[in-house]
Number of protein chains: 2
Amino acid sequence: MAEDTRRRLIDGAIDTVRRNGIAGTSARTVAAAAGVNQALVFYHFGSVADLLNEACRVSTAEDVDRYRERFAAVTSLRELLALGRELHADQRERGNVTLLAQMLAGAQGDERLASATSEAIKLWVREIESVLRRVVAGSPIEPVVDVSGLASAVSAAFVGMELFEAVDPAGSSAALDALDRLGILLEVADDLGPVASTALRRRIRSATRE
Amino acid sequence: MAEDTRRRLIDGAIDTVRRNGIAGTSARTVAAAAGVNQALVFYHFGSVADLLNEACRVSTAEDVDRYRERFAAVTSLRELLALGRELHADQRERGNVTLLAQMLAGAQGDERLASATSEAIKLWVREIESVLRRVVAGSPIEPVVDVSGLASAVSAAFVGMELFEAVDPAGSSAALDALDRLGILLEVADDLGPVASTALRRRIRSATRE
DNA sequence: GTCTATAGTAGGATAGAC
DNA sequence: GTCTATCCTACTATAGAC
């Protein structure tokens, strides 16, 4: 069936990029992973770049959907960190972030990959952004948080960490531990009593003006 | 001269990876960038992977050296953030972090690239780690900072951000702005008077035990 | 040490049989 | 829609002239 073959090729592409990296991905390696003929890449998608773009779109949409409810359930920054950690562990299996990292790397040298990659990443950023906005609202640290920029920073950090994972797993997990630990600060800021909280707000206001 | 040719090839490799990405880097493209014959890649380095490893070593050692004094001059977390921003701007010209990002991406599919890449990244991590350790010492937030893990996290974030830059420059600079703004928090924590500072320490201690 | 030439392989893409 | 066969290009790597 045609729809089935398309799907096999998309899954084969995701698999191949994860295992071989963008530099080791070709119509032939993808087709082999998919268990179909190499010519079908061009019949169904026109070019390898177009197949990769499609794989990137599909895989990301699925992964973001998969996490939507859990993102929605987050009510504190600490919980968001915990979810991030879970997501990182999950990604070892699913590998969408690794795919995006490889697509980003590939986009550096091939503009045909750039726009689909950027769109896919925006799906993640938007999701993170909406959680951040909700969770940070009312917190004393709200005025120092630029939600939209921070969402980009978090996404970038995730991408970097996923790349590290292959080369230095220990460093990568130490990094997550460190962020977790640092998250205690956010919790402390959120749990201050009303007096201390007002004092913190005042300090932040004056520091912001400096 | 042989030494000169080696150097041209290394520079050509750095240049090619930055411009074409790891997937678009070959003995031919590198040699063209270096203005020398393609066969010299193999004469001098044995293989393309070996040339890339060497380029990665050399470029990183030079860049880390270049920043050593400035890292040493940093005395606060806020200053470190500012230096990070300067470094990011600098990297648009020099591109060592982009090179490392591409090497990381390549290492995912070719173990021959992994160890040199991991070594190069450790040069950066070590440098960041020693600054962090110095700067955080005595601060009330010291107990929640895992210096070594945080240094890895910062490096990973940098790598991710450098990859974003090519695909979404606006998002990348918004990310840095956001971190900068968040840095105000660190400044506030560091500038507390002795009473508030002791209170913060106590809060952190109890939160750490939870 | 650097070049030309070339062997051998892998990849992108298409034509045409089924 | 899928396959085989094939063209052409680009790549890694080596041999050998200079």
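The figures here come from the full heavy-atom set of this structure, side chains too, leaving out hydrogens, waters and symmetry mates. The model shown is predicted, which means the values in this text are computed figures rather than measured ones. In what follows, every chain begins at residue 1, and chains take the letters A, B, ... in the order their sequences are listed.
- Each of C:dT14, C:dT2, D:dC3 was ranked by its minimum atom distance to the side chain of A:Leu40; first place goes to D:dC3.
- The separation between A:Phe42 atom CZ and C:dG11 atom P is 11 Å, rounded to whole Å.
- Backbone-only contact: B:Val48 has heavy atoms under 4.0 Å from sugar-phosphate atoms and none from a base.
- Following rounding to the nearest Å, A:Gln38 (CD) and D:dG1 (C1') show an atom-to-atom distance of 15 Å.
- Of the candidates D:dC3, D:dA13, C:dG12, D:dC3 carries the atom nearest the A:Val36 side chain, counting heavy atoms from C-beta on.
- At whole-Å resolution of the value, CG in A:Leu51 and C1' in C:dG12 are 13 Å apart.
- Counting to the nearest Å, the P atom of C:dG12 and the CG atom of A:Asp110 are 11 Å from each other.
- Among the nucleotides D:dC3, C:dC3, C:dG11, the one closest to the side chain of A:Asn37 is D:dC3.
- Closest to the A:Ser47 side chain, of the nucleotides D:dC3, D:dG1, C:dA13, is C:dA13.
- Here A:Thr5 reaches the OP1 or OP2 of D:dT2: one of its side-chain N or O atoms lies under 4.0 Å away.
- Nucleic acid contact for A:Ala27: sugar-phosphate only, since backbone atoms but no base atoms lie under 4.0 Å from a heavy atom of the residue.
- Judged by closest nucleotide on DNA chain C, B:Gly35 is the one of A:Ala49 and B:Gly35 placed further toward the 5' end.
- Here the side chain of A:Thr29 is nearest to one of C:dG11, D:dT14, C:dG12, namely C:dG11.
- Counting to the nearest Å, the C1' atom of C:dG1 and the CZ atom of B:Phe45 are 13 Å from each other.
- For A:Glu79, the side chain to side chain contact (heavy atoms under 4.5 Å, CB included) criterion is met by A:Val74, A:Thr75, A:Ser76, not counting sequence neighbours.
- Rounded to whole Å, the distance from CZ on B:Arg8 to C1' on C:dT2 is 13 Å.
- Residue-level contact check: A:Ala2 touches the backbone only, with heavy atoms under 4.0 Å from sugar-phosphate atoms and none from bases.
- Looking at residues two or more places apart in sequence or on another chain, you find a side chain to side chain contact (heavy atoms under 4.5 Å, CB included) between B:Arg8 and B:Asp4, B:Ala34, B:Val36.
- Ring pair B:Tyr67/B:Trp124 is tilted by interplanar angle, where 30° to 60° counts as tilted.
- Atom P of nucleotide D:dA10 and atom CZ of A:Arg28 are separated by 16 Å, given to the nearest angstrom.
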Evaluation steps, side chain to side chain contact (heavy atoms under 4.5 Å, CB included), between B:Glu119 and B:Arg57: CA-CA 8 Å; B:Glu119 287 308 311; B:Arg57 254 189 285 277; 5.6 Å; no
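- Note that CG of B:Leu99 and CZ of B:Arg18 are 9.0 Å apart. Values are rounded to the nearest 0.5 Å.
- For A:His44, the listed nucleotide lying nearest its side chain is D:dT2; candidates were C:dT4, C:dT2, D:dT2.
- A sub-4.0 Å separation between OP1 or OP2 of D:dC11 and a side-chain N or O of B:Ser26 is present.
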